[in-house]
Amino acid sequence: MFQVVTRFPPSPTGHLHLGGARTALFNWLFARHYQGKFILRFEDTDQERSKPEYVTSILEALKWLGLDWDEGPYFQSQRLELYHQFAQRLLEEGKAYYCECSKELLEEKKKKRLELGLKPGYDKTCRDKNLGPGEGRALRIITPDIGDIVVEDLLRGRIIFSADEIDDFIILRSDKTPTYQFAVVVDDITMKITHVIRGDDHLSNTPKQILIYKALGVNPPFFAHIPMVLGSDGARLSKRHGARSVLEYREEGYLPYALINYLARLGWGYGDEEYFSVKELIEKFSLERINLAPARFDSDKLLAVNTYWIKNSPSEVLLEHLLPFLKDYSIFRFSKEYLILAIETIKSRTKTLKEMAEMLHFYLVEEIDYEENSARKYLTKAIGPYLERFFLDLKDLSLEEQELESYFKNLAQTSGIKLKDLAQAIRVALTGKSVSPGLFEIIKVLGKERVEKRLKKALEFIKNL
RNA sequence: GCCCCCAUCGUCUAGUGGACCAGGAUACUGGCCUCUCACGCCAGAGACACGGGUUCGAAUCCCGUUGGGGGCGCCA
């Protein structure tokens with residue numbers, strides 16, 4: 001039976017950003033859709049730039065997103081022996097050779113060739129020198145001088161590269177570490193990867209890798225080059241725009257599955273549908289529906305998707321995701337029921353978990369503080385008597401929203417003051433702010449005891465005006 | 001400089017030769033709802049890059065131009 005095997009191979013030279021996360025997501029969705037395997041491997045052969053803390057943060061980001069892997073994480077730095085074996089084979093079969101050109105010399109040659117209007121690639125100086133291994137010598141693969149190299153891309157069809165576009169590139173550096181091109185191929189072979197789904201910035205590399213497969217006598221996997229994610233200005237993602245770590249989105253209060261929903265829709269569409277649960281994505285994802293044009297990251301749309309999921313997720317689920325944002329409150333003092341009812345009242349009024357936590361504030365503190373302007377505007381001498389009225393009536397009132405509503409409408413009508421003014425005053429008394437969830441919902445959730453206490457404080461405040 | 005990829009509203013997209021004077025989402029504008037703020041609902045404005053073909057017919061197929069992106073490392 002044929003089993004799909006995909007992989008996500010980040011290099012730990014930075015945090016996981018949106019582009020990388022989307023690549024991981026597409027590979028993961030594809031594997032899950034076909035009940036295949038998803039492998040994680042770190043491409044850390046660049047010893048200069050690879051940092052263990054990036055490994056940690058990438059792992060954490062993937063876990064947060066829920067992109068679980070079936071194998072790995074592998075580290076290329078721990079597989080050096082393997083690359084040497086494969087390289088040795090190529091050397092013995094006369095498909096690779098040592099090159100003694102120094103970096104400086106190559107740099108110079110490249111400059112000259114560019115000036116002459118030639119291709120910048122290596123000029124094959126050492127190809128026939130028959131050099132053995134030695135200090136400062138890198139191993140190059142012999143590439144064909146003429147002919148075409150054909151890349152079959154699952155999304156774009158057949159792409160043809162001319163052999164003279166490809167030089168004898170290095171597969172083993174002079175320090176014996178493998179280059180990217182070589183390590184990926186060896187890894188993808190040994191890990192039995194069936195589908196390579198990656199950014200189309202790798203498209204130009206693919207013929208090189210195909211040549212390695214050929215030299216090794218192995219059939220290449222299927223390739224699918226997906227369009228890249230661009231910043232909002234259309235330039236390549238960099239620190240400036242969306243290249244922030246996905247963990248930053250966690251800090252800002254995005255739901256992981258909202259981010260996934262957004263990322264999936266970036267370059268992929270399914271009819272007119274906009275919102276997908278992760279489960280639906282696994283069911284519906286297919287490579288054929290991927291767009292070929294690069295997609296720009298749009299923070300407004302991301303926020304809208306997050307807003308949608310906050311509004312449409314069960315409050316129990318939201319509570320879980322909210323916990324880290326509620327660290328400053330003694331939420332253990334409240335029942336889960338209370339917290340969930342409170343969340344119910346703010347779900348459709350917030351865009352992020354962070355905002356949610358802020359809006360939850362008045363539910364979670366013993367004593368509220370008044371916003372200065374709101375208190376001045378609404379907690380007036382004139383409104384005092386009506387607050388007192390409510391305070392006195394409260395103990396006999398039902399807290400059902402319907403009944404509260406008719407109580408207040410009645411009170412407003414019989415006393416000739418506007419419901420709006422009354423409502424705003426009580427709102428400030430109960431929440432400290434002039435903006436909050438519906439008044440009747442709040443009263444019901446807070447309960448008589450808290451409401452009484454806060455009204456008392458408001459009456460006190462008015463008395464001292 | 002050379003090579004490769006791509007091209008529908010500002011953005012993400014639907015659209016695979018006729019059902020498209022181009023649909024949805026988001027953002028924007030106006031209105032409704034209303035105890036505040038939101039949600040929601042209704043309405044409006046907004047795109048097939050350009051030029052040639054092919055065809056009875058093209059957003060859809062072909063070519064060119066332009067524009068955007070990527071690659072040409074002892075980075076990945």
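Proteins get letters first, then strands, A, B, ... in listed order; numbering begins at 1 in each.
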What does nucleotides 19-38 of chain B look like as a protein-contact string, B for base, S for sugar-phosphate only, - for none, at under 4.0 angstrom between heavy atoms?
-> ----BBBS--------BBBB

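- A distance of about 30 Å separates the P atoms of B:U36 and B:A45, rounded to the whole Å.
- Nucleotides B:G46 and B:C12 have their C1' atoms positioned 15 Å apart, rounded to a whole Å.
- The partner of B:G30 is B:C42, judged by Watson-Crick or G-U wobble contacts that both fall below 3.5 Å.
- As rounded to the nearest Å, B:U60 and B:C48 have P atoms that lie 12 Å from one another.
- Nucleic acid contact class of A:T45 (heavy atoms, under 4.0 Å, all strands): sugar-phosphate only.
- Atom OH of A:Y308 and atom P of B:G40 are 10 Å apart (whole Å).
- Rounded to an integer number of Å, the gap from CZ of A:F297 to P of B:U11 is 15 Å.
- Comparing the P positions of B:G67 and B:C74 gives a spacing of 31 Å, expressed to the nearest Å.
- If you take atom C1' in B:G64 and the same atom in B:G15, they sit 25 Å apart, rounded to whole Å.
- Note on A:K433: nothing from the nucleic acid sits closer than 4.0 angstrom, heavy atoms only.
- Salt bridge A:R156/A:D200: present, at least one basic N to carboxylate O contact under 4.0 Å.
- Other residues, nucleotides and ligands contribute over 12 non-hydrogen atoms within 6.0 Å of the NZ atom of A:K448.
- Taking atom C1' in both B:G69 and B:C32, the straight-line distance is 45 Å, to the nearest Å.
- Around the CD1 atom of A:I160, the shell of radius 6.0 Å holds more than 12 heavy atoms that belong to other residues, nucleotides or ligands.
- Nucleotides B:U13 and B:A7, compared at atom P, are 11 Å apart to the nearest Å.
- Nucleotide B:A25 has B:U11 as its partner under the Watson-Crick or G-U criteria, with both atom distances under 3.5 Å.
- Look at CZ on A:R22: it is 11 Å from C1' on B:C12, rounded to the nearest Å.
- Summarising the geometry, the separation between OH on A:Y180 and P on B:G71 is reported as 11 Å, rounded to the nearest angstrom.
- Atom P of B:A22 sits at a distance of 15 Å from the matching atom of B:G10, rounded to the whole Å.
- Rounded to an integer number of Å, the gap from CD of A:E288 to C1' of B:U13 is 17 Å.
- In this structure, A:D123 does not pair ionically with A:R113, as no charged nitrogen and carboxylate oxygen lie closer than 4.0 Å.
- The nearest whole Å value for the distance from the CG atom in A:D167 to the C1' atom in B:G73 is 10 Å.
- For A:H202 and B:A76, the ring-to-base geometry satisfies the stacking test (centroid distance below 5.5 Å, interplanar angle below 30°).
- Salt bridge A:E355/A:R349: absent, no basic N to carboxylate O contact under 4.0 Å.
- With salt bridges taken as basic N to acidic carboxylate O contacts below 4.0 Å, one links A:D188 and A:R7.
- The heavy-atom pair separating A:L155 from A:L287 by the smallest distance is CD2-O, 3.2 Å.
- B:C39 atom P lies 17 Å from atom CD of A:E344, rounded to whole Å.
- A:S11 comes within contact range of the sugar-phosphate backbone alone, with a heavy-atom separation under 4.0 Å but no base atom that close.
- Judged by the 6.0 Å distance and 45° axis criteria, A:R140 is not positioned over the aromatic ring of A:F169.
- Residue-to-nucleotide proximity on RNA chain B shows that, of A:Y122 and A:P178, the 5′-proximal contact is made by A:Y122.
- What separates CD of A:E107 from C1' of B:C72 is a distance of 13 Å, to the nearest Å.
- The backbone N or O of A:V428 sits nowhere less than 3.5 Å from a side-chain atom of A:T431 that would complete a donor-acceptor pair.
- Residue A:G136 is in base contact, counting any heavy-atom pair closer than 4.0 Å across all strands shown.
- Nucleotide B:C2 forms a Watson-Crick or G-U wobble pair with B:G71, both donor-acceptor distances falling under 3.5 Å.
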Which parts of nucleotides 3-9 of chain B does protein reach within less than 4.0 Å, heavy atoms only, written one letter per nucleotide 5' to 3' as B for base, S for sugar-phosphate only and - for none?
-> SSSSS--

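- Taking the O4'-C1'-N9-C4 or O4'-C1'-N1-C2 dihedral as appropriate, B:C39 has a value within 90° of 0 and is therefore syn.
- Taking the ring centre of A:Y378 as origin, the terminal cationic atom of A:R427 falls outside the region bounded by 6.0 Å and 45° from the ring axis.
- Between A:R236 and B:G71 there is a side-chain polar atom (N or O) within less than 4.0 angstrom of OP1 or OP2.
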I would like to know whether A:E252 and A:T352 meet side-chain contact (heavy atoms from CB on, under 4.5 Å); could you show each step before the answer?
-> CA-CA 7 Å; A:E252 282 176 28; A:T352 65; 5.8 Å; no

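- Taking A:K409 as the reference, A:E405, A:L419 meet the side-chain contact (heavy atoms from CB on, under 4.5 Å) condition, with sequence neighbours excluded.
- Figure legend. B:U60 is base-paired to no nucleotide; pairs are counted as Watson-Crick or G-U wobble with both atom distances under 3.5 Å.
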